[in-house]
Amino acid sequence: METKKVNKISTSILVVVCLVVILVIGISINRLATAESDLTPPVIDQPFIEEDEDAIKITQTMSAFAGDQKVDIPWMSISPSQIAFQLCLDTPFPSDWGPKNLTLQIGGKVYTDFSTLYDENPKAPDAPPYQCTLNKIPLFGDEPISEFTLTIEQISDSIPEQPDCDAAQEKLDQAGYAIKFTCDHQEFFFGYEVVEKPAEMSDLEAQQIVDDSFHHVIRGPWVFEIKP
Amino acid sequence: MKSKYVLPLFIAAALFLLTIQFSLVYAATCSGTACNGLSPNSTGCDQSAVPVSATTSNGAYIELRKSTECSTYWARTKNVSGSSKYTNATLKYYYYTASPAPIANGLAVYSPQRYSTSSSGMAACGMVSSSPVGAMVYSPCVP
């Protein structure tokens with residue numbers, strides 16, 4: 001009788017301990033790979049483009065065409081440490097359009113890293129059709145800039161956090177691409193895997209085509225030959 | 001308590017606890033500071049997402065993203081290095097998400113979101129690396 005009572009108590013304690021363990025594991029899983037800081041953050045308040053008094057400024061609008069799509073650069077600022085410019089275009093519909101890939105060639109050097117600042121609310125239905133972004137390309141700053149070529153390869157809107165994979169697959173099918181892919185939707189992560197592609201197509205090419213199917217892309221190039 | 005009831009009771013309690021946890025994480029909506037630390041996607045805030053600013057750096061495409069509906073901000077980093085990399089997205093001083101394993105080229109991670117009435121004070125940082133980046137990243141950042 002006494003042994004049964006002890007067993008019941010032990011079982012009850014075991015159940016409670018197991019439930020606590022499940023609760024802790026569950027909370028840990030939900031927080032996997034994400035973390036929060038207790039730091040009190042300082043306010044970051046620096047301009048996107050820092051003014052350089054010695055910078056050469058071009059204020060006459062430069063334009064380039066790719067097909068029917070015109071792209072304007074209304075102003076440009078050139079200094080040894082960076083090239084900054086405004087990039088504008090007539091957009092086909094309101095969205096967060098901006099340069100996707102660009103290259104800057106100065107002499108034998110090619111720069112591909114750049115930063116973009118977007119309009120405040122580019123997707124608003126009443127957003128103006130002529131949209132602009134501010135862009136800057138950091139330079140090594142070790143040579144005088146006499147002439148250079150700026151090439152905007154593509155302009156696109158941004159990919160949603162969790163794209164519509166069925167719609168993207170349909171887009172590929174309609175375009176005649178023999179590519180199939182699967183999607184992996186997770187909290188804080190979106191991934192996809194190409195499971196079928198033409199043999200002659202590289203993995204990176206196939207990935208790029210799938211990537212482009214998640215959003216709208218206008219292909220260039222728009223080439224600006226600049227002699228400041 | 002009869003021992004034959006212990007196992008069903010245990011399973012029922014465990015399911016109840018798991019249900020509570022999932023309902024907390026996958027809440028349909030949020031507003032104001034109640035959005036802090038939550039996923040932009042599971043809260044639906046990402047439905048009105050726009051980029052505030054973006055930068056490319058050493059194979060990482062780093063964006064500061066904003067929900068125009070929830071007025072929240074988060075960081076997103078896409079691996080554009082051309083090969084699989086560990087990837088980190090940090091909303092500076094607040095939250096980060098780090099991929100637990102290398103992710104393929106073209107894939108992205110994003111941080112939890114933070115409510116703010118303006119983008120002042122918000123910055124997205126991130127990187128891709130051959131080794132794990134399980135901490136906040138403070139460079140490169142945008143804006």
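What you see is a predicted model, and the numbers here were worked out from it, not measured in a lab. Order of the sequence lines fixes the chain letters, A, B, ..., with proteins taken first and strands second; residue numbering starts at 1 for each chain.
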Is [X] in contact with chain B via its backbone, its side chain, both, or neither, using a 4.5 Å heavy-atom distance?
X        : answer
A:Thr112 : backbone
A:Leu117 : both
A:Gln186 : backbone
A:Ile159 : both
A:Gln162 : both

Heavy-atom pairs under 4.5 Å with chain A, option from B:Asn105, B:Leu91, B:Thr56 with the top count: B:Thr56
Closest-packed option against chain A by number of heavy-atom pairs under 4.5 Å, given B:Gly82, B:Pro51, B:Ala108, B:Ser57: B:Pro51
Side-chain donor or acceptor of B:Ser53 paired with backbone N/O of A:Thr116 under 3.5 Å: no
Contact summary for [X] and [Y], nearest pair of heavy atoms:
X        : Y        : value
B:Pro40  : A:Phe188 : CD-CE2, 4.4 Å
B:Ser42  : A:Glu187 : OG-OE2, 3.3 Å
B:Asn58  : A:Asp113 : N-OD2, 3.4 Å
B:Thr55  : A:Ser115 : OG1-OG, 2.7 Å
A:Phe189 : B:Tyr110 : N-CE2, 3.7 Å

Using a 6.0 Å cut-off, check whether atom [atom1] of [X] has over 12 heavy atoms from anything other than its own residue.
X        : atom1 : value
A:Tyr111 : OH    : yes
B:Glu69  : CD    : no
A:Tyr130 : OH    : yes

Check against side-chain hydrogen bond (donor to acceptor under 3.5 Å, both in side chains), A:Glu161 and B:Asn41: CA-CA 7 Å; A:Glu161 270 57 23; B:Asn41 177 249; over 6 Å; no
Which atoms of B:Ser111 approach chain A - backbone, side chain, both or neither, heavy atom under 4.5 Å: backbone
Which portion of B:Gln47 sits near chain A, non-hydrogen atoms under 4.5 angstrom: neither
Check: A:Ser158/B:Arg76 side-chain N/O donor and acceptor closer than 3.5 Å: no
